[in-house]
Each structure stands twice: as structure tokens, then as C-alpha cells.
Amino acid sequence: LPLPRSAAVLLPLLLRRGRPHLLLTVRSAQLRRSPGEVCFPGGKSEACDKDEIDTALREAKEEVGLPPEKVEVICRLVPGIDKVNQLVTPVVGFIEDTFQATPNPDEVSEVFFVPLEYFIKPLNYKALSYKNSAGHETLMHCFIYDDQERKKSFKIWGLTAHFAVFLALVVFGERPTFEVDYDLDNLVASAENNFLKLYASVYERKKSNL
């Protein structure tokens with residue numbers, strides 16, 4: 001199989017009042033791809049990156065001013081495939097709760113924090129049906145998070161929500177209040193299985209289009 005273009009995102013975790021929170025960004029309105037959407041810091045791999053961890057850390061520094069040495073990387077999660085068929089690897093790392101983001105306005109218009117638990121026990125959730133890159137009907141998580149600090153609501157969906165849900169399932173080991181397409185007793189194995197099926201079907205379609 002041809003290797004797809006690859007990208008990586010950083011899922012920065014920090015403790016606030018003893019509870020794990022995730023740092024998320026809002027993409028700048030002038031970006032060509034997905035302007036104004038919520039995502040994790042991240043982007044395409046470059047030749048200078050040794051691996052996905054390097055990519056995620058470099059992008060987080062460029063986008064929100066997070067120094068790589070201030071991130072304690074703990075793991076990579078099962079990758080996903082985005083809407084332009086890029087392979088995206090999520091890298092999870094702890095950061096200090098004192099971190100003050102300095103968003104690069106060309107890329108990021110806002111930075112905010114969501115309790116990780118919101119991604120298994122949301123107050124405002126819906127499942128959207130969509131056709132994935134392989135042409136299969138599938139469910140996409142969509143969360144609306146009301147940020148008390150900023151007095152505004154953020155919509156978190158797509159691959160960003162998919163990664164946040166998986167991380168919350170791994171960390172809390174609890175059943176979410178909504179349906180997920182994992183076997184919760186074998187979470188990692190079923191996530192890997194889902195990914196491999198998606199990967200194979202995307203690349204079968206690519207080959208047949210050549």
C-alpha cells in the first residue's frame with residue numbers, strides 16, 4: 001500500500017482543580033482548510049521531523065507557543081484518517097497548568113480548555129451521520145461545549161472529537177452516555193481493528209481510482 005501523507009496532532013492534557021483538561025484551538029478564519037473549526041495543535045509532517053511526536057511538538061510550538069521541553073509525552077493513540085485522506089497520529093502529552101498560550105494569529109484564533117470527562121459525559125451532544133473516506137455511512141460525534149470563562153460555545157466534532165472521546169475512554173474506563181463503535185471491554189484492540197478496516201478500504205478505493 002502506498003503510504004499516505006501523514007500528519008500528527010498533540011492532545012495536551014493538564015490538571016485543573018485535580019481534573020484532567022484538554023487544550024483545544026480554534027483555527028484562524030483566514031486558513032484555507034477548515035477555517036474557524038476546533039482542533040488540536042498539529043499539522044503535516046515535514047522532512048525535519050524524526051517522527052510523529054516531533055511533528056506534533058513542532059506544530060504546537062508554532063501554533064500556541066508551547067515549548068517542546070515543557071511537554072511530557074506519554075503515548076500515541078490509534079491514528080485516524082482525515083477528510084483529505086491524511087493519516088493523523090494523535091500524541092498525548094502532559095503540560096503544566098500554568099502554561100499561557102500565545103496563539104499564532106495566522107493559524108489560531110483562540111485557545112480554550114475542556115474537562116476530559118466532558119467527552120464521555122457531555123451536557124450537549126449529538127451524533128451526525130456522514131460518509132467516511134471509504135464511502136461508508138458512519139456516525140460522527142459532535143459536542144457543544146459552553147465555556148464559562150469565555151462566555152461562548154464551541155462545537156467540537158469530526159476527527160478532533162473522535163480522538164478526545166477515545167482518550168477519555170482510555171483514561172476513565174467508563175461507559176460514555178452515548179453510543180460508540182468500540183468494544184469497550186477490548187477498547188484498544190477494537191479501535192485498531194476499526195482503523196485497519198478504514199485504512200484498507202480507503203486505500204482499496206485509491207488503487208481502483210488510479
Side-chain angles (χ1 to χ4, degrees), residues 4-16 19-116 118-119 140-143 145 147 149-150 152-168 170-171:
R5 291 183 311 164
S6 66
V9 292
L10 182 67
L11 278 57
L13 273 177
L14 66 159
L15 288 175
R16 283 190 155 185
R19 296 168 70 201
H21 283 62
L22 272 176
L23 176 150
L24 289 142
T25 69
V26 179
R27 289 172 64 84
S28 159
Q30 71 252 34
L31 286 172
R32 219 179 43 229
R33 249 184 72 207
S34 313
E37 285 189 11
V38 169
C39 64
F40 291 111
K44 281 204 269 294
S45 302
E46 290 181 5
C48 60
D49 301 331
K50 287 198 300 286
D51 56 16
E52 301 92 352
I53 292 173
D54 256 16
T55 302
L57 294 177
R58 176 181 52 72
E59 288 281 347
K61 182 169 199 269
E62 288 170 16
E63 291 180 12
V64 297
L66 177 61
E69 65 277 9
K70 296 279 190 196
V71 183
E72 188 189 334
V73 172
I74 45 177
C75 66
R76 291 175 239 208
L77 300 178
V78 179
I81 294 176
D82 70 9
K83 48 192 178 216
V84 294
N85 287 344
Q86 264 188 146
L87 187 67
V88 184
T89 300
V91 174
V92 182
F94 273 113
I95 63 173
E96 292 288 331
D97 60 348
T98 51
F99 169 64
Q100 295 288 325
T102 47
N104 169 353
D106 294 336
E107 299 194 45
V108 171
S109 62
E110 241 175 312
V111 173
F112 65 104
F113 301 91
V114 180
L116 183 61
Y118 197 81
F119 296 104
M140 185 191 278
H141 304 301
C142 178
F143 299 86
Y145 179 66
D147 189 319
E149 279 173 56
R150 286 181 174 61
K152 57 166 72 162
S153 293
F154 295 100
K155 176 184 175 185
I156 307 160
W157 61 295
L159 202 52
T160 302
H162 170 81
F163 289 152
V165 167
F166 186 70
L167 180 60
V170 169
V171 170

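Only a predicted model underlies this, so the values are computations on that prediction, with no experimental measurement involved.
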Search all heavy atoms of [X] against all heavy atoms of [Y] and return the closest pair with its distance.
X	Y	result
E63	G42	OE2-O, 2.7 Å
P103	V111	CG-CG2, 3.8 Å
G65	F99	O-CE1, 3.7 Å
F40	L23	CD2-O, 3.5 Å
D49	K44	OD2-O, 4.4 Å
G43	E59	N-CG, 3.5 Å

Could you tell me whether the side chain of [Y] reaches within less than 4.5 Å of the side chain of [X], counting heavy atoms only?
X	Y	answer
V165	F143	yes
F119	I156	yes
L15	D97	no

- request: Look at atom CD of Q30 and say whether more than 12 heavy atoms of other residues, nucleotides or ligands are closer to it than 6.0 Å.
  value: yes
message = More than 12 heavy atoms of other residues, nucleotides or ligands under 6.0 Å from CD of E46: yes or no?
response = yes
Item to complete: May I ask you to check if R16 and F113 form a cation-pi contact, with NZ or CZ under 6.0 angstrom from the six-membered ring centre and within 45° of the axis?
Response: yes
Rounded to the nearest 0.5 Å, how far does [atom2] of [Y] lie from [atom1] of [X]?
X	Y	atom1	atom2	value
D147	K152	CG	NZ	9.0 Å
N104	S109	CG	OG	11.5 Å
S45	D54	OG	CG	9.5 Å
T160	H141	OG1	NE2	12.0 Å
D82	H162	CG	NE2	12.0 Å

The complete set of side-chain hydrogen bond (donor to acceptor under 3.5 Å, both in side chains) pairs with one or both residues in residues 70-79, sequence neighbours excluded, reads E52-R76
### Task
For the pair F112 and Y145, name the ring-plane relationship: parallel under 30°, tilted 30 to 60°, perpendicular over 60°.
parallel
*Under 3.5 Å donor-acceptor, T25 side chain and C39 backbone*: yes
Between T55 (side chain only) and D51 (backbone N and O only), is there a donor and an acceptor less than 3.5 Å apart?
yes
*Step by step, would you call L66 with L10 a side-chain contact (heavy atoms from CB on, under 4.5 Å)?*
CA-CA 11 Å; L66 177 61; L10 182 67; 3.7 Å; yes
Exercise. Would you check, one step at a time, whether the test side-chain contact (heavy atoms from CB on, under 4.5 Å) holds for L167 with L13?
Key: CA-CA 10 Å; L167 180 60; L13 273 177; 4.2 Å; yes
